[in-house]
Colleague: 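First the structure, then my questions, so here it is.
No hydrogens, no waters, no symmetry mates; every other heavy atom, side chains included, goes into these values. Keep in mind it's a predicted model, so treat the numbers as computed, not measured.
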2 protein chains.
Amino acid sequence: MLTDLKISTNHGCGECPIRHRAVCARCDADELEQLDEIKYYRSFEAGQTVVWAGDRMDFVGSVVSGVAALTQTMEDGRTQMVGLLLPSDFAGRPGRDTAAYDVVATTDLVMCCFRKKPFEKMMAETPHIAQRLLQMTLDELDAAREWMLVLGRKTAREKIASLLVIIARRDASLQLHGMVGELKFTLPLTREAMADYLGLTLETVSRQISALKRDKVILLEGKRIITIPNFTRLLEEAGDDNDGGMLA
Amino acid sequence: MLTDLKISTNHGCGECPIRHRAVCARCDADELEQLDEIKYYRSFEAGQTVVWAGDRMDFVGSVVSGVAALTQTMEDGRTQMVGLLLPSDFAGRPGRDTAAYDVVATTDLVMCCFRKKPFEKMMAETPHIAQRLLQMTLDELDAAREWMLVLGRKTAREKIASLLVIIARRDASLQLHGMVGELKFTLPLTREAMADYLGLTLETVSRQISALKRDKVILLEGKRIITIPNFTRLLEEAGDDNDGGMLA
DNA sequence: TCGCGCGCTTGATCTGTGTCAAAGTTGAAT
DNA sequence: ATTCAACTTTGACACAGATCAAGCGCGCGA
C-alpha cells in the first residue's frame, strides 16, 4: 500500500495524517500499483544538500520523515529559506527539469521519490493526479503568501511566534489531541535556520526566544524542546488572531 | 475566439503575449466553445475592491487590462501585498469557495471571469485545463518565493530595484524589443502600494526612488513614467545578477 | 576525565528604516 | 483661473534589529 506520497489517493482515511493538506479521494488500485513501480527511497543526513538550485532534478517526491528546507542564496551569501518541508510535504516541479532552489536536509531525512519522466506520463494519463497536485500547489502558494506577510510586516517577536505556531500545528505528535492544553514539541531547526526562514539574524532569534521564555509564552527544556502552555497566547503574540477556527 | 484567458489553449501563438507564463498547447475547438459559454467580463475603477478576504468567491478569472493587487491585512492595519496581477494573470482558487486575500484594483481594471461551478466541471472533464492551471500555479509559487527573498533579505534600495525589474519585464509595450536599449514604462502603482508590496513605508519608497534618480539608475518624467537607461545596471542594483538569461 | 568545538546566549554599539511633521506638486472639479 | 484633495517629497529624530565581540554549556571523542 502506498501511503508515503499523499499524492496518491488513499482509500479510507485511517492512514492519512489529519493535515489540512491531506485531502483524500477515492482509491484506485491500478493507480497505486503504477506509482509503486516507479517509487524508491532516498536518505540524507542532517546538513546534506538534496539538490542545488539550477541543477537537473529528475525526480519528484515527498518527505517521509525529517525536515528539509528550500533556500535561495544571493551571491554575497545572504540566504532566505522559502519553504519548509515537513513529513508528507511534496517537493518537485512536474514539467520543469531544473530545481529552482537548494533543497537541504535540516535533520536526518527520508524521502519517497519518483522518477520524473514516468511520473509525468502517469500524470498525463491520470487526471486525478494533476488535480490533486494542483490542490497541493495552491496550498503551498497560500503558505508562501502567508509567509510574505510575516517577512514584510511582522516584528521579530511576532516572527518567532509565527514560526512556533506553524511547527506546533504540524508536529505529528500533536495531531491527535488538537491545539488545546499544554503542547510540547522539538524544534527541528537550528537558530541559524530559523533566522534564515524569518529574515533575521541568529542573534535576534536567540534574544527573542529568550524574551518569550522570560514572558512565560514558551517553556524551554534544553535548547530545542519547547512547551506552549497557552496556544491562544502564542497566537496573539504572532499577531495571528482571527484564526479561521484552526484552534479546535 | 477566446484569448482573454490564457488557460485556454490557443491555436497558433500569434495572439499569445510572449510571456513566460503563456505556454501554448494544441487548440481544442470544443473546449473553447465551452469556455466561451460561461465567460463574462467585469470592470472596476481604480481603488475598488474586487473581493474581500474570507468572502464567498464564486468565480475565477484573469486580468484583461489594468492591475490588481492581492493584499493581506492584520487587525492593526498593517498590510502586505502578496501578489500583483498584471494582464493575463489568473485569479481564483478552483476547489475553494472563499477568497484568501483581498483583491483590489490599483488601476482601472477589466477582468474576464468564469463562474466557478461550471469552470470546475470543465476542469474535471478536460485534463488539459488542470494541467495548464498547475503550471500557472507553479509559476505563481516561484514568483511568491522569489518575493520572499526580496522581503526577507534585501535592502530598501534593492527592493525598489527588484520591483522595477518585475514591472519592466512584464510591461506589454516592452515585450517586442526585449530588454535592451532604453526602456520606458508607466508605474501602475502609487508609492503606498509599492510600500505595501515591498514591506516598507511610503516615505522610504519615496526616498529610495529619489536616490535611484539622483544616481542615474532611473529617469523620471512626472512621478509615474520611468525610463531605465541601462537595464543591466538596474539588475545589479536589485542584487539580481546571475539572471538565467532573461536579458535577451 | 578532560578538552574541544559547535551551537547558543548575552552585551555594547551602530545603522537603516520607521515615525512624525511640514511643505511641495499635480490634476480634477468648481 | 482657483481651490482642493490626493499624492509625493523632504527633514529631523527615534528605535528595532544588525553587527561585532565575548563567553557559556553541552555532547563527543580521546
Colleague: When we call it a touch if two heavy atoms are under 4.0 Å apart, what does G199(B) touch: a base, just sugar-phosphate, or nothing?
Modeller: sugar-phosphate

Colleague: With T106(A), which residues qualify under side chain to side chain donor-acceptor pair (under 3.5 Å), at least two apart?
Modeller: none

Colleague: Can you name the residues that form a side chain to side chain donor-acceptor pair (under 3.5 Å) with R207(A), not counting sequence neighbours?
Modeller: none

Colleague: Which residues, if any, of residues 155-163 of chain B bring a heavy atom under 4.0 Å of DNA chain D?
Modeller: none

Colleague: Which pairs, with at least one residue in residues 59-73 of chain B and sequence neighbours excluded, count as a salt bridge (Lys or Arg N to Asp or Glu O under 4.0 Å)?
Modeller: none

Colleague: Reading nucleotides 20-30 of chain C from the 5' end, what letters show protein touch, with B for base, S for backbone sugar-phosphate only, - for no heavy atom under 4.0 Å?
Modeller: B-----S----

Colleague: Does any N or O in the side chain of K116(B) come within less than 3.5 Å of the main-chain N or O of R96(B), such that one atom is a donor and the other an acceptor?
Modeller: yes

Colleague: Has R42(B) got its NZ or CZ under 6.0 Å from the middle of the six-membered ring of F59(B), at an angle within 45 degrees of the ring axis?
Modeller: yes

Colleague: Angle between the end axes of the helix from dT1(C)-dA30(D) to dT30(C)-dA1(D), five pairs per end, to the nearest 10 degrees?
Modeller: 30°

Colleague: So does E158(A) pair up with R78(B), basic N to acidic O under 4.0 Å?
Modeller: yes

Colleague: Sorted by first residue and then second, give each ring pair (Phe, Tyr, Trp, His ring centres under 6.0 Å) pair with at least one member in residues 149-169 of chain B; sequence neighbours left out.
Modeller: none

Colleague: Within the 4.0 Å heavy-atom criterion, would you say L202(A) contacts the bases, only the backbone, or no part of the nucleic acid?
Modeller: base

Colleague: When the distance from CD1 of I226(A) to P of dC8(C) is rounded to whole Å, what number comes out?
Modeller: 11 Å

Colleague: Below 4.0 angstrom, N of the basic side chain to O of the carboxylate: do D240(A) and K154(A) qualify?
Modeller: yes

Colleague: Is it the case that the side chain of T190(B) and the backbone of A193(B) share a donor-acceptor pair, with hydrogens and angles ignored and the cut-off at 3.5 Å?
Modeller: yes

Colleague: Under a 4.0 Å N-O cut-off, is there an ion pair linking R153(A) with D196(B)?
Modeller: yes

Colleague: Do L164(B) and L234(B) have side chains that get closer than 4.5 Å, going by heavy atoms?
Modeller: yes

Colleague: Using the side chain to side chain donor-acceptor pair (under 3.5 Å) criterion, which residues pair with D142(B)? Sequence neighbours excluded.
Modeller: R93(A), Y101(A)

Colleague: My understanding is that only residues two or more places apart in sequence, or in another chain, count here; which of them pass salt bridge (Lys or Arg N to Asp or Glu O under 4.0 Å) with R214(A)?
Modeller: none

Colleague: What pairs with E237(A) under side chain to side chain donor-acceptor pair (under 3.5 Å), at least two apart in sequence or on another chain?
Modeller: R157(A), R233(A)

Colleague: About how many Å separate OG1 of T155(A) and CD of Q208(A), when rounded to the nearest 0.5 Å?
Modeller: 7.0 Å

Colleague: Using heavy atoms and a sub-4.0 Å distance, could you list which residues of residues 188-196 of chain A are near DNA chain C? By number, please.
Modeller: T190(A), R191(A)

Colleague: Any salt bridge between R191(A) and E203(A), counting N to O under 4.0 Å?
Modeller: no

Colleague: May I ask you to evaluate whether T201(B) reaches the phosphate of dT17(C), defined as a side-chain N or O under 4.0 Å from OP1 or OP2?
Modeller: no

Colleague: Classify the nucleic acid contact of S210(A) as base, sugar-phosphate or nothing, counting any heavy atom under 4.0 Å across all strands shown.
Modeller: sugar-phosphate

Colleague: Please list, in 5' to 3' order, the outermost nucleotides of DNA chain D lying under 4.0 Å from any heavy atom of chain A.
Modeller: dG17(D) to dC20(D)

Colleague: Tell me: CD1 of I225(A) to C1' of dC8(C), nearest whole Å?
Modeller: 16 Å

